[in-house]
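Read the structure below first, then the notes.
Just the heavy atoms: all of them, side chains too, but no hydrogens, waters or symmetry mates, feed the values below. Residue numbering restarts at 1 for every chain, and letters A, B, ... go by the order of the sequence lines.
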Amino acid sequence: SQQGEEDPQALSIQEGENATMNCSYKTSINNLQWYRQNSGRGLVHLILIRSNEREKHSGRLRVTLDTSKKSSSLLITASRAADTASYFCATDASGYALNFGKGTSLLVTP
Amino acid sequence: EAQVTQNPRYLITVTGKKLTVTCSQNMNHEYMSWYRQDPGLGLRQIYYSMNVEVTDKGDVPEGYKVSRKEKRNFPLILESPSPNQTSLYFCASSLYGTATQYFGPGTRLTVL
């Protein structure tokens, strides 16, 4: 069953701008992960944040987690055209399987 | 190179004709799973396997079968495909169920 829900569904920005997408979920989690999918291809893992962490960085990516609000955000700074993709959050609420959201479609125009 | 491979990548078939989509990983992962991706519905898990000979249903298992006879392989079997199984299918593997997932390139299946 899907637990994570990304917002917005679609986002269009220009190169150089920052992109922020959010993920809300319903039950307590052990960890939350973000994945990227280029059109029709396999998902690629970006970052994992555990329930006892509040913020994590990886290159131009910054992920925050607010367990009290049951939400996470993914910030991509200084976006590039190559960042155009769909972004999914995946929550671990069960300990044995991830639940993926429906994704945010990001378009970065030159 | 560490990877998950799927075959075929594209398949067009007719209703009722049994088919198998193969999945293989070379990372010695314990956990493997199958997902389908449909517009507006996101990724939904079909079946997963925590280890050899151990498989379990995901969220949408109806119409599918799997087997895990070897650690590296996890084929997906559609014994009598129907048009509502037209979808993009992904195999994934990981050290354990909720660890970082490594996805295959996908198999686009069309059932006429």
Side-chain angles (χ1 to χ4, degrees), chain A residues 1-10 21-53 56 58 61 63 65 72 85-105, chain B residues 1-7 9-10 21 23-25 27 29-51 54-61 66 87-110:
Chain A
S1 58
Q2 285 168 327
Q3 182 179 206
E5 189 170 318
E6 295 88 346
D7 172 66
Q9 288 187 341
M21 51 205 88
N22 304 296
C23 172
S24 58
Y25 55 91
K26 294 176 183 156
T27 62
S28 297
I29 60 171
N30 301 308
N31 71 61
L32 184 144
Q33 303 178 33
W34 285 92
Y35 288 80
R36 182 187 75 226
Q37 183 183 34
N38 291 92
S39 181
R41 299 192 176 185
L43 281 71
V44 174
H45 180 259
L46 294 176
I47 201 163
L48 180 154
I49 187 165
R50 301 192 187 284
S51 59
N52 61 354
E53 297 175 312
K56 261 188 124 166
S58 177
L61 305 180
V63 168
L65 179 64
S72 173
S86 292
Y87 292 82
F88 294 84
C89 69
T91 53
D92 167 17
S94 65
Y96 61 83
L98 293 176
N99 291 314
F100 285 83
K102 297 178 183 179
T104 291
S105 179
Chain B
E1 180 192 354
Q3 61 181 349
V4 178
T5 56
Q6 293 179 229
N7 282 292
R9 294 289 313 281
Y10 303 90
V21 184
C23 172
S24 184
Q25 52 95 2
M27 293 169 279
H29 284 165
E30 302 283 342
Y31 186 94
M32 297 184 74
S33 60
W34 277 101
Y35 295 88
R36 61 177 290 174
Q37 185 177 29
D38 303 288
L41 296 177
L43 254 72
R44 294 179 293 168
Q45 192 178 55
I46 303 170
Y47 268 96
Y48 65 93
S49 169
M50 290 192 159
N51 212 328
V54 179
T55 63
D56 210 344
K57 296 176 181 177
D59 297 319
V60 289
V66 292
S87 187
L88 179 57
Y89 291 85
F90 290 102
C91 179
S93 75
S94 61
L95 282 173
Y96 55 90
T98 55
T100 297
Q101 302 288 307
Y102 293 82
F103 282 82
T107 294
R108 190 168 291 280
L109 172 67
T110 301

With a 4.5 angstrom heavy-atom cut-off, could you sort out which part of [X] is near chain A: side chain, backbone, both or neither?
X	answer
B:Gln37	side chain
B:Gln45	side chain
B:Ala99	backbone
B:Tyr102	neither

- Please indicate whether B:Gln3 has more than 12 foreign heavy atoms, meaning atoms of other residues, nucleotides or ligands, lying under 6.0 Å from its CD.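 Check passes, neighbour count above 12.
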- Which atoms of A:Gln37 approach chain B - backbone, side chain, both or neither, heavy atom under 4.5 Å: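 For A:Gln37, the side chain is the part near chain B, not the backbone.
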Going from [atom1] on [X] to [atom2] on [Y], what distance comes out if it is rounded to the nearest 0.5 angstrom?
X	Y	atom1	atom2	value
B:Thr98	A:Asn99	OG1	CG	11.0 Å
B:Thr100	A:Tyr35	OG1	OH	5.5 Å
A:Leu98	B:Ser33	CG	OG	8.5 Å
B:Gln101	A:Leu43	CD	CG	10.0 Å
B:Phe103	A:Arg41	CZ	CZ	16.0 Å

